[in-house]
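To keep things clear, I will list the structure first and then write my remarks on it.
Below, read A as the first sequence line, B as the second, and so on, with proteins coming before strands; counting in each chain starts at 1.
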There are 2 protein chains.
Amino acid sequence: MTIDQLDARLISLLAQEPRIGVLECSRRLNVARGTVQARLDRLAARGVIVGYGPQIDPAALGYDVTAFVTLQIRQVSGHVPVVDRLALVPEVLEVHTITGGGDMLCRVVARSNADLQRVIDLIVDVEGVVRTSSVIALDTPVPYRTLPLVAAAGT
Amino acid sequence: MTIDQLDARLISLLAQEPRIGVLECSRRLNVARGTVQARLDRLAARGVIVGYGPQIDPAALGYDVTAFVTLQIRQVSGHVPVVDRLALVPEVLEVHTITGGGDMLCRVVARSNADLQRVIDLIVDVEGVVRTSSVIALDTPVPYRTLPLVAAAGT
DNA sequence: GGTGAAAGGTCATTAAG
DNA sequence: CTTAATGACCTTTCACC
């Protein structure tokens, strides 16, 4: 149920230089090309590697403002219809159901603070949303990363 | 400072089928191969496309628990040394400085609820961290996504 | 291991802003 | 006039059988 060092090194290598192919990986890691292929297939089959899609920076698209919005929802209605409506808003990048005082936590982006108000209004207008509470991310000193985790898991 | 429809379609295409190459993209979009390459280079140069690295699912590595930890830090010490220490913890996937009652928001993962306690203890032990407040993500009905945003930006 | 197929680069031409 | 797109050619490299 875990990965070994070779898997971890393979993932790290691909993360640092995604453009290289299987053959180049095998050379860098001093293993046979078939081994690399088999490892990648196995990692993909186990769901460890979800995909290789292009990673987009919302800030480069003009969405400079990131905020975390905690929602309280009307319990009777259930959370599914709320999620469906939230998913229709492009600026909502992810939604979690959470423990604690709130019921859901959304990561949202916007083009400015004024634009954030518009996005939050969209969220508040969702049927079943009772209240929202937002915090704005001023800076992101540690951007999302998984490599250290991969390295730790491969130990 | 934005992208056009061709950029958006190109990104969407690559996101849906990352394994296809530049030539295949040009065929699907009915444009010349050089155009696709130029667009991709431009998107990468502008920072819109950060990379093509493998996307890792922490849950598949055994890290089933995700939590958001809000930190209050001792203001006199500044946040930089705190960030440096937090970055050393593999389970800390991202760190933001935020507005509101807290000072920082961290996304962390752990192997179990008991393991989460261990990770939180690591965070509390960081010099300058005064208090933490955690919420656990029970479910993630909308996983992190940027495609709708790209589509909206390309309009 | 061999082979067909792309990637990546450059170029001249053409179109459009 | 500047920027972008196109189709062509070439060489290296890889993926697949």
Side-chain angles (χ1 to χ4, degrees), chain A residues 3-64 90 111-112 115 146-147 150-151 154, chain B residues 1-57 60-61 146-155:
Chain A
I3 61 177
D4 65 5
Q5 269 191 326
L6 181 57
D7 289 323
R9 285 197 300 152
L10 181 56
I11 291 173
S12 297
L13 178 61
L14 279 176
Q16 284 162 19
E17 304 185 53
R19 329 197 92 177
I20 67 178
V22 175
L23 188 55
E24 185 65 24
C25 286
S26 68
R27 277 195 285 260
R28 304 276 186 97
L29 300 176
N30 289 316
V31 295
R33 62 194 181 207
T35 305
V36 172
Q37 193 78 54
R39 292 302 184 109
L40 288 179
D41 290 345
R42 200 164 60 92
L43 288 171
R46 287 180 45 199
V48 175
I49 295 181
V50 179
Y52 297 89
Q55 291 153 12
I56 306 300
D57 179 14
L61 290 177
Y63 294 88
D64 291 306
R111 294 185 174 278
S112 63
D115 191 44
T146 48
L147 251 58
V150 169
Chain B
M1 288 293 284
T2 183
I3 62 177
D4 65 3
Q5 270 190 327
L6 182 57
D7 288 323
R9 285 198 299 153
L10 180 57
I11 292 172
S12 296
L13 179 61
L14 279 177
Q16 286 162 19
E17 305 184 54
R19 328 198 92 176
I20 69 178
V22 176
L23 186 57
E24 186 64 23
C25 285
S26 68
R27 279 195 284 258
R28 304 273 187 99
L29 300 176
N30 289 315
V31 294
R33 178 183 64 96
T35 303
V36 172
Q37 272 176 340
R39 293 301 186 110
L40 288 179
D41 289 346
R42 202 164 58 94
L43 288 171
R46 287 180 46 199
V48 176
I49 295 181
V50 179
Y52 298 90
Q55 292 154 11
I56 305 300
D57 179 13
L61 290 178
T146 48
L147 251 58
L149 197 68
V150 169
T155 308

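- If you measure from atom CG of B/D7 to atom P of D/dA4, you get 11 Å, rounded to the nearest angstrom.
- One interatomic measurement links the two molecules: CD of B/E24 to P of C/dA7, which rounds to 9 Å at whole-angstrom precision.
- Remark: the backbone N or O of B/A8 is paired with a side-chain donor or acceptor of B/S12 at under 3.5 angstrom.
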* **Pair B/D4-B/R39, salt bridge (charged side-chain N to carboxylate O under 4.0 Å, His left out): steps then yes or no** => CA-CA 10 Å; B/D4 65 3; B/R39 293 301 186 110; 2.9 Å; yes
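- Checked against D/dA5, C/dA6, D/dA15, the side chain of B/R39 finds its nearest nucleotide in D/dA5.
- Candidate nucleotides C/dA6, C/dA7, D/dA5 were compared by shortest atom distance to the side chain of B/R27, and C/dA6 ranks first.
- For B/A32, the side-chain atoms get nearest to D/dT6 when compared with the rest of D/dC14, D/dT6, C/dG8.
- Across D/dC9, D/dC16, C/dG1, the shortest atom-to-atom separation from the side chain of B/R33 is found for D/dC9.
- In this structure the side chain of A/D7 reaches within 4.5 angstrom of the side chain of A/L43, judged on heavy atoms.
- Of the candidate nucleotides D/dA5, C/dA6, C/dG8, C/dA6 has the atom lying nearest to any side-chain atom of B/L23.
- In this structure, B/D41 places its CG atom 13 Å from P of C/dA7, rounding to the nearest Å.
- A/Q55 contributes a side-chain N or O that, together with a main-chain N or O of B/G53, makes up a donor-acceptor pair within less than 3.5 Å.
- Of the charged side-chain nitrogens involved, none lies within less than 4.0 Å of a carboxylate oxygen, so that A/R19 and A/E24 do not count as a salt-bridged pair.
- At whole-Å resolution of the value, CG in B/D4 and C1' in D/dT3 are 13 Å apart.
- Listed nucleotides D/dA4, D/dT6, C/dG8 differ in distance to B/V31; the shortest reach to its side chain belongs to D/dT6.
- Separating the CD1 atom of B/I20 from the P atom of D/dA15 is a distance of 16 Å, rounded to the nearest angstrom.
- The distance between atom CG of B/L29 and atom P of D/dA4, rounded to the nearest whole Å, is 18 Å.
- Rounded to a whole Å, the CZ atom of A/R28 is 14 Å from the C1' atom of D/dC14.
- The CG-P distance, from B/L40 to D/dA5, rounds to 12 Å in whole Å.
- If you check C/dA6, C/dG8, D/dC16 against the side chain of B/Q37, the one that comes closest is C/dG8.
- Residue side chain A/R19 does not reach the base of C/dG8 through any donor-acceptor N/O pair under 3.5 Å, judged by distance alone.
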